[in-house]
Amino acid sequence: MAVAWQTASSTATSVVEWGVAQDALHETASGTSFQAPAPLGWIHEAQLDGLPPATTIYYRAGDATDGFADVMSFHTAPEPDAECTSFHFVVIADDRSQDDYGPSENWASIAIEAAAEQPAFFIYGGDQVRDGSEARQWQNWLDATSPILGFFAHMPSIGNHDDGPGEGDGANYNQVFQLPRAEVAQGGSGSEDYYFFTYGNAIFVALSSQTYKNDGFAAQAAWLGAVLSANPRLWKFVYLHHPIYTGDLLGINHPPDEQGQNAALVPIFDAHHVDIVFQSHNHWYERFAPSACGDGSDTPCPTGDASTGTVYITTGGAGALTYDFPTVCQLSKVEGREFCDGRHHYLLLDIEGGTLTMEAWATTAQNFDKVAENHTLIDTLTLEKPEYDASECKGAGGESESEAESESESEAEAVADASSTGSGCGCALGARP
C-alpha cells in the first residue's frame, strides 16, 4: 500500500507507523513529499511493503514533531491462489458538480452508502470534479470524500472534466492520485493516466480516453494487449470514461465512440475476452448484452453468450445531474441494450471463484439517517466461468504469483489524506491526498 497525506508545513517529515493491531504500530515506513498547487499544500507519500495478505492493517501518518493523524485501517488483498479468492468491489462515476465547486452535493451521501457495502476497493469512471485544472475543486472533493478515504482503496480513470492544467505528472489529477504507471518497458507511456493492477483472481485495467490519444489509441491498445497476455487472470475488467457503446438520447447525451477509441480498443477486448468494460460520461445506467464486434463499429454486436462476448456497462450516476425522467430509456433505445435506468446509482460486484454477481443500486442521496430507504435494486447480472477450477487459480503453469503481486503495477495502492494537526486522515487506493 502507498499511503499519502497532506500537511500545511514544508518541514514535516514523511512517516507512516503501521501494524496488525491498533495498539501495536511497530512497523515504520518513510517517504517523500512535494509541494502541490494551493490549497493542496504539501503532499507526502510512503510505501508500505511486506504486508501480510487478507489482513487488516492499522496505520497512522505524520511525524513526531508535526503530529500524527488518527489511526485508520485498510484490508490487504487475498493471496491470488487462495481458493480462487472471493471479494467484492464498487464501481462508481460522474460525481462532479454542475457548478464550480467540484464534487456534486449528492456525492458524499452516495459515497457513504457505497462504502457501507464494505468493498475491497472503489473503481472510479472519471469526472470527479467539474474542472480538473482548478486545485480548489480537488481539495473540495477530498474534503467531501474524507469519511471513506482512510478505509477504502480508490482507483480512478481520468474523465474529460478531470484533466489539466497540462498533461501527465503536472496535472492536478496526477498530483492528487497516486497510481501505478504504464511502464515504458512494457510499451506504456510511463504516466499514471492508464495502468493496471491485479487483485485475487482478477485483473483491472484503467484506460485513458481523455489523454494519450493522438495516435488513435494505438499505443494504449498495444499496451493493453501486452498487459492482458502477461497477466493471466480468471476475470478481466477494463474501465474508461468515454463509452464504447451507448444509447442516443435525441442528441442530448454523449454519443458512442466519441473519442474514436473503438477501432483500436474493441479488437483487443474481443481477442482477450474481457469480461466487462465499465464506461461512464453519460449520466445514467445502461447494460448491454455480451458483444463481440472485432472492429470499430459504434453499435454492439450481440453474441447471446457471455462466454463469447464482452458485457458493456455505462455507469454515470454518482452525483452529477442524471437523465432521470420517465421516457429516457424509451427515447434512447439502441441495439443490444438489455437494461436502462436514469437514477443516481452505484454498482456492487461480488466475485466468488468462478461466479460474478453484479447489483446496480439506485439511491436518492442526501438521506444519511435512512440509508436503507435510499436503496433500490434496479438491475442484476450473473456471469459464470464454465472452465472454473480451483486448482487453476495459481495462474499460468500453476506457478504462485505472490511475488508478482508485490510489483508496483500489480499492487492495490492506498493513500491517506491528513492535516498537519493530525486530523482528517484518509486513505485511497491509488489516490494522493
With heavy-atom distances below 4.5 Å as the criterion, would you say the side chains of [X] and [Y] are in contact?
X	Y	result
Trp138	Asn140	no
Ser229	His272	yes
Leu40	Leu142	yes
Asp162	Val129	yes
Thr314	Trp284	yes
Val334	Asp248	no
Thr85	Glu79	no
His26	Glu17	no

Given 3.5 Å as the limit, does a donor-acceptor pair link the side chain of [X] with the main chain of [Y], or not?
X	Y	result
His345	Arg343	yes
Ser9	Thr7	no
Asp63	Thr13	yes
Gln128	Trp141	no
Asn231	Val227	yes

Could you walk me through whether Asp127 and His241 pass side chain to side chain donor-acceptor pair (under 3.5 Å), step by step? CA-CA 8 Å; Asp127 278 7; His241 188 65; 3.1 Å; yes
Specify the closest pair of heavy atoms between [X] and [Y], including all atoms of both residues, with the distance to one decimal.
X	Y	answer
Gly166	Ala171	O-CB, 3.9 Å
Ala144	Ala108	O-CB, 3.7 Å
Pro267	Asn262	CD-O, 3.6 Å
Trp107	Ala318	CE3-O, 3.4 Å
Thr246	His254	CG2-O, 3.5 Å
Cys293	Tyr245	SG-OH, 3.5 Å

Would Gln47 and Asp49 satisfy side chain to side chain donor-acceptor pair (under 3.5 Å), going step by step from the backbone distance to the final call? CA-CA 6 Å; Gln47 183 165 306; Asp49 295 318; 2.8 Å; yes
So, Arg130 and Asp95, do they make that salt bridge, N to O below 4.0 Å?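 No.
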Is Asp379 paired with Arg287 through a side-chain N to carboxylate O contact shorter than 4.0 Å?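 Between Asp379 and Arg287 there is a salt bridge, with a charged N closer than 4.0 Å to a carboxylate O.
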Within a radius of less than 6.0 Å around CG of Asp100, do more than 12 heavy atoms belonging to other residues, nucleotides or ligands occur?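 No, because the 6.0 Å sphere around CG of Asp100 holds 12 heavy atoms or fewer from other groups.
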Got more than 12 heavy atoms from elsewhere within 6.0 Å of CG, Asn214?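 Count not over threshold, so no.
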Interatomic distance, [X] atom [atom1] to [Y] atom [atom2] [nearest 0.5 angstrom]:
X	Y	atom1	atom2	answer
Leu179	Ser157	CG	OG	10.0 Å
Leu347	Thr315	CG	OG1	4.0 Å
Trp18	Tyr59	CH2	OH	13.5 Å
Tyr212	Ser191	OH	OG	4.0 Å

Sort out for me which residue in Phe204, Phe122, Tyr239 forms a ring-ring contact (aromatic ring centres under 6.0 Å, His included) with Phe89.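 By the ring-ring contact (aromatic ring centres under 6.0 Å, His included) criterion, Phe89 pairs with just one of Phe204, Phe122, Tyr239: Phe204.
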Please identify which of these residues, Phe217, Tyr195, Tyr194, meets the ring-ring contact (aromatic ring centres under 6.0 Å, His included) condition with Trp223.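 So the option named by the test is Tyr194.
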Which residue in the set Ser208, Ser280, Ser209 passes side-chain hydrogen bond (donor to acceptor under 3.5 Å, both in side chains) when paired with His242?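 Per the side-chain hydrogen bond (donor to acceptor under 3.5 Å, both in side chains) rule, the option paired with His242 is Ser209, out of Ser208, Ser280, Ser209.
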Using the ring-ring contact (aromatic ring centres under 6.0 Å, His included) rule, take Phe339 and Phe288 through it: C-alpha gap first, then chi angles, then the decisive distance, then the call. CA-CA 7 Å; Phe339 196 89; Phe288 288 84; over 10 Å; no
